[in-house]
Enquirer: 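I have a structure I would like to understand better, so I am pasting it below and will then ask my questions one at a time.
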Amino acid sequence: AKVTLASGTAATKLSLDSEGSGILAEFADPLGAKETLTLTGVTDFAQIPNEAAAKMQIVRPDWPSNLAGLQYLWKNARARNVTIDEQIGVTITSLLNGYADRIVVPARVNRFGAAVTADDMVFVVNPNAPARVMQGIHKTKQFSCEIVVASADLTQIKGNDDKPFIVQWGWTGARSTGLFQEKDKLLAVLSKQRNDTNLEVFEMATLPDTKPHHVIISWDEKRLACYVDGKKVKEIDPSPATLLTQSGIRFAENAWRGTFEHVAMYNRFIEEPEAAKNAAVVAEELARRKALPRIEVQAKLVAKSKIPEPGKMAPYRNALVVNEYEVEKVLKGKYAQKTIRVVQWGMLNLKPTPLAAQEPGTSVKLVLETFIDHDELVPELISDTLTEDFDLTLYTDVNL
């Protein structure tokens, strides 16, 4: 294989990514903002090989704006999420999985690829990722965590030690440090002393609503700063509290509810201009996401598909079911037919949803989008035991 730029510069090194499905090209000099790249010499295994030649314009990602000290990257499930391990110069593809009942399961995502949290499930990263992050912190004594969060509500509260963590970046014994939410507040947890089980909690910011917000927590031994949507909302001297150095990165611990994406961790402190630049790029990307047409109906449940039994779902842990409703009233949008079929969650993490208890005749309000527009649901287990009706457009319930 050969990869060249329009200028004639060839790649100095070619390799496969960690998934074996992509070619990684390394160049001696940094790429410009836009380059034209030509790929030749890649063939399939046909008896007469077919060459997969390609010429494409590539645009350097605007986020993160500064890759220096980048230890971990997970943009979302639709991105490649590739970083370079600075220690050994190897490309790393970051993976994110759900973890429930001590079993690793596929992470549930929305149609934009953001992780969707669920009760009794945390999200874990590649086994070696926490060690890389902590090694970077040991080297510089600095750390920043960048993440875009959309809280499901602003009533989330903590129990004794059961803080609803958005992200954990270390722990000692049974105690964790990281960023958690209490009602509408974002709080950072540090250790009072190195490897101490006593923790210090710092209120850092207020979430104004449940929309996506770009958040950065940045730390060194004398500074702890928080930026929300690119603006510094707080900076304090946290000493002698410090970052725990025991490995561990988890998301949505203790049933934090919401979605998260655009995760980056660095072994350096981030100042406000960089935070503002990253937040602006993310805001522009989010603004480009098009909302799907929705309808809202008041409808009476007529027929239910059978919800699979938990013991017969392996390897799945979630199940969608197709149900039929009689449309009593169209509240928003347009829908002309008298009945409607809806794909809904019947089982999440091997536990029945409230839908399981609904009996035919129950009247509910449904907020719906067409199922064909939600390709993230296609890999899920779908139970449809209703009589076939090809005249009905299939919808999905966005509230479940």
Side-chain angles (χ1 to χ4, degrees), residues 69 71-72 122-125 129-147 149 151 154-208 213-229 231-258 260 263-272 275:
Q71 306 291 299
Y72 176 78
V122 299
F123 293 80
V124 294
V125 302
R132 288 196 300 273
V133 172
M134 295 306 162
Q135 287 169 5
I137 296 171
H138 290 167
K139 180 179 178 181
T140 63
K141 301 297 188 291
Q142 296 181 347
F143 172 70
S144 294
C145 177
E146 179 175 5
I147 188 170
V149 297
S151 177
L154 301 182
T155 63
Q156 306 193 49
I157 59 174
K158 64 176 181 177
N160 295 324
D161 291 324
D162 296 331
K163 302 174 179 65
F165 275 96
I166 298 170
V167 54
Q168 292 176 316
W169 51 63
W171 57 69
T172 177
R175 297 182 180 272
S176 303
T177 61
L179 176 69
F180 75 95
Q181 180 183 347
E182 182 181 353
K183 296 185 178 179
D184 63 345
K185 305 299 181 185
L186 293 179
L187 302 100
V189 186
L190 302 180
S191 177
K192 285 190 175 180
Q193 296 178 8
R194 190 170 303 280
N195 297 324
D196 189 357
T197 58
N198 295 313
L199 303 179
E200 189 82 24
V201 177
F202 303 91
E203 184 179 313
M204 301 304 296
T206 300
L207 282 174
H213 291 282
H214 179 271
V215 177
I216 294 179
I217 293 289
S218 204
W219 169 88
D220 67 21
E221 293 182 311
K222 293 293 183 180
R223 302 171 68 190
L224 178 65
C226 180
Y227 310 93
V228 177
D229 296 327
K231 296 181 180 179
K232 184 189 290 184
V233 293
K234 193 164 189 177
E235 180 174 330
I236 59 173
D237 181 351
S239 58
T242 185
L243 218 66
L244 288 177
T245 56
Q246 293 187 6
S247 298
I249 299 174
R250 290 188 175 193
F251 300 92
E253 182 74 75
N254 298 329
W256 178 79
R257 303 182 301 278
F260 64 90
V263 181
M265 295 184 181
Y266 313 79
N267 66 340
R268 59 183 177 83
F269 195 92
I270 289 180
E271 302 290 353
E272 190 170 13

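Residue indices begin at 1 and follow the sequence shown. None of the values given here were measured: they were computed from a predicted structure.
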Enquirer: In the structure I gave you, are the side-chain heavy atoms of L243 and L190 within less than 4.5 Å of one another anywhere?
Expert: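 Sidechains of L190 and L243: in contact.
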Enquirer: Using the rule given for side-chain contact (heavy atoms from CB on, under 4.5 Å), can you reason through V167 versus M265, listing the C-alpha separation, both sets of side-chain angles and the distance that settles it, and then say yes or no?
Expert: CA-CA 11 Å; V167 54; M265 295 184 181; 3.8 Å; yes
Enquirer: Look up atom OG1 in T242 and atom NZ in K192, then write down how far apart they are to the nearest 0.5 Å.
Expert: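 Atom-to-atom, T242:OG1 and K192:NZ are 14.0 Å apart.
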Enquirer: Do you know which two heavy atoms are closest between I217 and W169, and how far apart they sit?
Expert: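 Nearest pair, atom of I217 first, then W169: CG2-CH2, 3.9 Å.
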Enquirer: Look at the side chain of T177 and the backbone N and O of G170, then say whether any donor-acceptor pair between them is shorter than 3.5 Å.
Expert: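 At least one qualifying donor-acceptor pair exists.
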Enquirer: Report the residue from R223, K222, E221 that forms a side chain to side chain contact (heavy atoms under 4.5 Å, CB included) with W219.
Expert: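 That would be E221.
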Enquirer: Grab the two heavy atoms, one from A129 and one from Y72, that are nearest each other, plus how far apart they are.
Expert: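 What the structure gives for the nearest pair is CB-CD1, 3.9 Å.
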Enquirer: So do V122 and F165 actually touch side chain to side chain, heavy atoms under 4.5 Å?
Expert: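 F165 does not reach V122 side chain to side chain.
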Enquirer: Atom OG of S151 and atom NE2 of H213: how far apart are they, to the nearest 0.5 Å?
Expert: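 It comes to 9.5 Å.
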Enquirer: Restricting to ring-ring contact (aromatic ring centres under 6.0 Å, His included), what partner residues turn up for F251, sequence neighbours left out?
Expert: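 F260.
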Enquirer: Measure across N267 and I137 and return the closest heavy-atom pair with its distance rounded to 0.1 Å.
Expert: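 Answer, listing the atom of N267 first, then I137: CB-N, 4.1 Å.
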Enquirer: Please name all residues satisfying salt bridge (Lys or Arg N to Asp or Glu O under 4.0 Å) with E272, sequence neighbours left out, ordered by chain then number.
Expert: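 Partners of E272 under the salt bridge (Lys or Arg N to Asp or Glu O under 4.0 Å) test: none.
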Enquirer: Once rounded to the nearest 0.5 Å, what's the spacing between atom OG of S218 and atom CE of M204?
Expert: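 CE of M204 is found 9.5 Å from OG of S218.
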Enquirer: Where is the tightest heavy-atom contact between S239 and D237, given as atom of each residue plus distance?
Expert: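 Closest approach of S239 to D237: OG-OD1, 2.6 Å.
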Enquirer: Can you tell me how far apart CG (L207) and CG (L186) are? Round to the nearest 0.5 Å.
Expert: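 It is 4.0 Å, given to the nearest 0.5 Å.
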Enquirer: How long is the gap from CD1 on I147 to CD1 on I216, to the nearest 0.5 Å?
Expert: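 Output value for this atom pair is 11.5 Å.
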Enquirer: Taking 4.0 angstrom as the limit, do E182 and K163 come out as a salt bridge?
Expert: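 Salt bridge absent between E182 and K163.
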Enquirer: For the residue pair E200 and P240, establish whether any side-chain heavy-atom pair is separated by less than 4.5 Å.
Expert: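 E200 vs P240: side chains apart.
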Enquirer: Which value, rounded to the nearest 0.5 Å, describes the distance between D220 atom CG and F143 atom CZ?
Expert: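 If we round to the nearest 0.5 Å, D220:CG and F143:CZ are 13.0 Å apart.
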Enquirer: Which pair of heavy atoms, one from A275 and one from I270, lies closest together, and at what distance?
Expert: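 Closest heavy-atom pair between A275 and I270: N-CG2, 4.0 Å.
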Enquirer: Just to verify, what does I236 make a side chain to side chain contact (heavy atoms under 4.5 Å, CB included) with, not counting sequence neighbours?
Expert: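 With sequence neighbours excluded, I236 shows a side chain to side chain contact (heavy atoms under 4.5 Å, CB included) to F202, L224, K234, given in chain and number order.
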Enquirer: Taking only residues two or more places apart in sequence, or in another chain, which ones meet K231 in a salt bridge (Lys or Arg N to Asp or Glu O under 4.0 Å)?
Expert: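 Expected list: none.
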Enquirer: Keeping Q142 on the side-chain end and F269 on the backbone end, is there a donor-acceptor pair under 3.5 Å?
Expert: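 Such a contact is found between Q142 side chain and F269 backbone.
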Enquirer: Among residues at least two apart in sequence or on other chains, which ones pass salt bridge (Lys or Arg N to Asp or Glu O under 4.0 Å) with E146?
Expert: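 Listed in chain order: nothing, the list is empty.
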Enquirer: Does any non-hydrogen side-chain atom of K183 lie less than 4.5 Å from one of L154?
Expert: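 In short, these two side chains do not touch, never coming nearer than 4.5 Å.
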Enquirer: For Y227, what residues pass the ring-ring contact (aromatic ring centres under 6.0 Å, His included) criterion, not counting sequence neighbours?
Expert: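 ring-ring contact (aromatic ring centres under 6.0 Å, His included) list for Y227, sorted by chain: empty.
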Enquirer: T140 and R268: which non-hydrogen atoms are nearest, and at how many Å?
Expert: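 Result for this residue pair: OG1-N, 4.5 Å.
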Enquirer: Is a donor on one side and an acceptor on the other found under 3.5 Å between the side chain of Q181 and the backbone of I166?
Expert: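 Pair absent, no side-chain N/O of Q181 close to backbone of I166.
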